[in-house]
Structure formats: structure tokens, C-alpha cells
Amino acid sequence: MSPRDLGGAGPRQPATRPSARIFAALALVTGASQFHRAALGVVGPELAADLGAGAGLLGAANGAFFAALLLMQIPVGLALDRIGPRLTVAALALPCAIGAIGQGLAGSAEGFLAARFLLGIGCGASFMASVVLSARWYAGPGLTTSLARVFATSQLGILLAGAPFALAAEWLGWRGAYAASGLLTLGLAALWWVWVRDDPPDRPAPPRPAETLAQALRGQFSVWRTPGLLPVLAMHLVGYAAMATVIAVWAGPYLAEVHGMAPETRGTVLFIMGLALVAGLLVVGPIERRIGSRPRTVAGFAALSVLMLTALALWPSAPLPVAVALLSALCLCSCYPVVVVTQGRALFPDHQVGRGVTTVNLAQTLGSAALPAMTGWVVGFVNPAWAWNAAFGTLAACLALGLAGYLSGRRGTRRPD
């Protein structure tokens, strides 16, 4: 069986050289989604106080956003297949902008949660539209590299949600800063509409037959029955979520409690971890092409990630340089979920690619919601002296189980792009 049969990089080259505008549009839209996900913590205390809510509002607001993302995946998959990513993302830009502006206009915690939910609906297609478009414009062995570069560039959205957004909130107030982000979202949607085309000029568009709702749902069920999907879902459920849980939930408290680091210094370490993730995304494509197999690339990086988490679980009191090195190495090695996405995309024919990749993304969204809650429950259950062993150990065990499911599951034959 060839690497292509196993989901490895095939020999075909892209049919046309995509324009810089296509890449810029993908990076801007995914970066905007990253920004909207992250632009909460930096003004969280002020908005919670103004709305007369407790600190629990921030967790509820984040949950509302991800709940909307989760609910949108199946309808977004249908829309990507039936009307294409250009129109799908442009149509969702309106609820995205209204949700962003609505955050600034909210007069109560309930109103803020509703705006946050609407914002999540508007961001529901951003990442998967990038996957579908990259699969059309960068087909072949360049797909992993193109997606990795798009997602690496999109990390700028997270950086903008930090100090720059805090500065905007200082100038305009947190309400004005959120309103400005909504107007900026509409501007990016206009650029998306002007710059993006669903298909390369020298490659025929995939068939998009008219479907009734019943036919569309039957198509979704056929996606779930696709051979080789289960191992991809097993890996994608925990691959990104394990690293994201460390960055978003545990790294800061760990560095403060175990190593006594001040907020500014913790922020520096988290920034280094983010840079390590970007570096991993930039090199994973060339590494995959050199190895010649997506499964081996995924398994290798996932095994290294399990090793880093296990080391942190067994030695949480490691000297600070060692701890920072392990945390950064975890982020560096956690670049492989983008390879899982390209492997998942390869399972589906062109006319089902939207439903296929959003089904794959369901696993990541579920994992991103479940792992923080699971680790929080475990840490609350054990003796406080074992808290960090439990937190990192739980993540290591979940990732190891996902890797085992990925390696033991039946692999599907890769379909033509």
C-alpha cells in the first residue's frame, strides 16, 4: 500500500499558482476568528464589573461562543458544499459583525452572552472555509504547507487581542473597542468578497447538485460512514485540545504557583509558547513531505507531545528553564492537527468536502470544550499536592488514548482531491 493510500502526500502538483490575495484573504478571515475568540480576557474584569456580573461571566461567555461554533458545523458543511465558501463566509459576516458590536452595546450579562453566541455563529465557517479553499487552490503535496501557513499567520489575531486591544479599550472604552472590531469585521468581509474565488481558473468547479433537505441529510450520514474517518476523529478530538488546554487554562496558574512568576513574566512565557506553535506550523509541511506519509507525521509529533506532557506530570517541580522548555516543546510539537485536517479532507470527494471537514472539526470543537472541564474536575478531586501531576497526567493520558485510536483504527483509501 502506497503512502497515498495511507493518506500520505501524493505526487500531484497544484494546477495553478494561487494569488497572494487568496492567501491574504484566508489569513485575515481566520485571524479575525482567532481575535474574536481571544478578545475577552484582556477586558474581562472591566466588562464584568460594568455589567454587574461576577467572574463566572467570562467562562459562560466563552462557552456561548464555542457552543455556537459547535452548532454551526453541520449547517456550515452543507453550505460550503452547496453554495461554496465565498458566499458562506460573506453571509455569516453580518451576524459576526452584529455580535461583535452587540458585545459593546450589551446592557446586561444576558445581553452580552447573546451577542457572544451570535458572534460564534458568524465565525462558524472561517476555519473550514479556509480548509475547503486551500484544498481547491493548493491541491496535492502543498496542501499541508498552505494550511499550516494560513493558521500560523492567523495567530496574529490572538496577538492583536492582547496589548493592541487593551490599548484600543483604553482609548475607546471596552464598548467602543468591541464596536470597532465589528466594523473592522465588515471591512474584512468586503475584502474577502473581492479577493476570493471558490475555484482556480484552470480547474473545473466540483459538482454542486441541487439537493433537497432529505438528500443533504443523507449525504451527511454518508460522510459519517466514510471508511477511515474514526481514527481521524480520535486524533482530532484531543490533538489540538490538549495543547490549547495547557495554554489557555493551566500554564499561567502552573507558572505562578510552582515557580512564583509575576503576571508580566508569565505573559512572556505564554508568548514564547505561542511563537513555538507558529514555528511548528511553519515546518510541519516540509517535514510531512520529507517523511512522505501523513499518518507517520501525525503519530511522531503526537508521541512527542505525549512525552512532554508526561514529563510535566512526573516532574512538575522541574527547574524553571526545564519547565519552560517542556511547555514550549509541547507547543512546537502540537503543530500536527493541521496534518490531521488534510488527512481528513483526503477522505472525501469534492462534492462532500464541506460536510467532511466540518465533521472532522466537530471533534476538535468537542475536545476543546471537554478537556478543560475534565482536567478541572480531576484537579478538584485529587489532593492539592498532586494537582499538577493530575492536570498534566490527565492530558497526557487523553492524548495517548487518541493516538492509540488513531493508530489502531481502520484507514480509508484516499480519494482524489
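Within the 4.5 Å cutoff, no side-chain heavy atoms of L407 are placed close to those of P231. Using a 4.5 Å heavy-atom threshold, the side chains of F271 and T268 count as separate. Looking at I22 and W195, their side chains never come closer than 4.5 Å, going by heavy atoms from C-beta outward. Looking only at side-chain heavy atoms (C-beta outward), T358 and I74 stay at 4.5 Å or farther from each other. Using a 4.5 Å heavy-atom cutoff, the side chains of F127 and Q34 are in contact. Side-chain atoms of T153 and V278, non-hydrogen and from C-beta on, never get closer than 4.5 Å to each other. Annotation: side chain of W171 is in contact with side chain of L167 (closest heavy-atom distance under 4.5 Å). Between C331 and I247, some side-chain heavy-atom pair lies under the 4.5 Å cut-off.
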Stepwise, does the side-chain contact (heavy atoms from CB on, under 4.5 Å) test hold for W192 with L28? CA-CA 9 Å; W192 171 272; L28 286 172; over 6 Å; no

S334 vs F301, test: side-chain contact (heavy atoms from CB on, under 4.5 Å). Steps then yes/no. CA-CA 7 Å; S334 294; F301 277 111; over 6 Å; no

Tell me, with the steps shown, if V76 and L92 meet side-chain contact (heavy atoms from CB on, under 4.5 Å). CA-CA 10 Å; V76 159; L92 288 176; 4.2 Å; yes

Evaluate L332 against L277 for side-chain contact (heavy atoms from CB on, under 4.5 Å), listing each step before the verdict. CA-CA 5 Å; L332 180 69; L277 175 60; over 6 Å; no

Could you walk me through whether W388 and E257 pass the side chain to side chain donor-acceptor pair (under 3.5 Å) check? CA-CA 10 Å; W388 298 113; E257 180 178 320; 3.2 Å; yes

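T185 is linked by a side chain to side chain donor-acceptor pair (under 3.5 Å) to H36, counting only residues two or more places apart in sequence or in another chain. Legend: residues meeting side chain to side chain donor-acceptor pair (under 3.5 Å) with E170, ordered by chain and number and at least two apart, are absent. With sequence neighbours left out, the side chain to side chain donor-acceptor pair (under 3.5 Å) criterion links Q364 to H236.
At least one donor-acceptor pair under 3.5 Å links the side chain of Y178 to the backbone N or O of A39. Side-chain atoms of Q73 come within 3.5 Å of backbone atoms of L69 as a donor-acceptor pair (strictly under, hydrogens ignored). The main-chain N or O of A325 is never found under 3.5 Å from a side-chain atom of S328 such that the two would form a donor-acceptor pair. Looking at R175, its side chain does come within 3.5 Å of a backbone N or O of A106 through a donor-acceptor pair. A side-chain donor-acceptor contact under 3.5 Å links T30 to the backbone of A27. In this structure, W193 contributes its side chain and A90 its backbone to no donor-acceptor pair below 3.5 Å. The main-chain N or O of F23 is never found under 3.5 Å from a side-chain atom of W137 such that the two would form a donor-acceptor pair. Side-chain atoms of S33 never come within 3.5 Å of backbone atoms of V29 as a donor-acceptor pair (strictly under, hydrogens ignored). S154 places a side-chain N or O within donor-acceptor distance of the main-chain N or O of F151, the cut-off being under 3.5 Å.
For the pair D198 and R86, the salt-bridge criterion is not met [side-chain N within less than 4.0 Å of a carboxylate O].
The structure places OG of S108 at 13.0 Å from CG of D50, a figure rounded to the nearest 0.5 Å. Residue L309 holds its CG atom at 11.5 Å from CG of L304, rounded to the nearest 0.5 Å. How far OG1 of T245 is from CG of L371: 4.5 Å, rounded to the nearest 0.5 Å. Separation of atoms CG (L312) and CG (L326) is listed at 4.5 Å; rounding is to 0.5 Å. Here L362 contributes atom CG and M128 contributes atom CE; the two are 9.5 Å apart, rounded to the nearest 0.5 Å. Separating the CE atom in M308 from the CG atom in L395 is a distance of 15.0 Å, to the nearest 0.5 Å.
M72 and G124 get closest at one heavy-atom pair: CB-CA, 4.3 Å. Summarising the geometry of A152 relative to L282, their closest heavy-atom pair is CB-CD2, 4.0 Å, with the distance given to 0.1 Å. Closest heavy-atom contact between G104 and W174: CA-CZ3, 4.3 Å. R116 approaches A61 most closely through the heavy-atom pair CG-O, 3.0 Å. Between S130 and L147, the closest heavy-atom pair is O-CD2, 3.9 Å. Smallest separation of non-hydrogen atoms from P85 and A129: CB-CB, 3.8 Å.
For the side-chain contact (heavy atoms from CB on, under 4.5 Å) criterion with S305, the lone passing option out of L403, V238, L399 is L399.
Using a 3.5 Å distance cut-off with no hydrogens or angles, the side chains of Q343 and Y336 do not pair a donor with an acceptor.
The local environment of CZ in R37 is crowded, with over 12 non-hydrogen atoms from other residues, nucleotides or ligands closer than 6.0 Å.
Ring geometry for F392 against Y254 counts as perpendicular: the plane angle is over 60°, on a 0 to 90° scale with 30° as the lower cut. Below 30°, between 30° and 60°, or above 60°: for W377 and F381 the angle between ring planes is below 30°, a parallel geometry.
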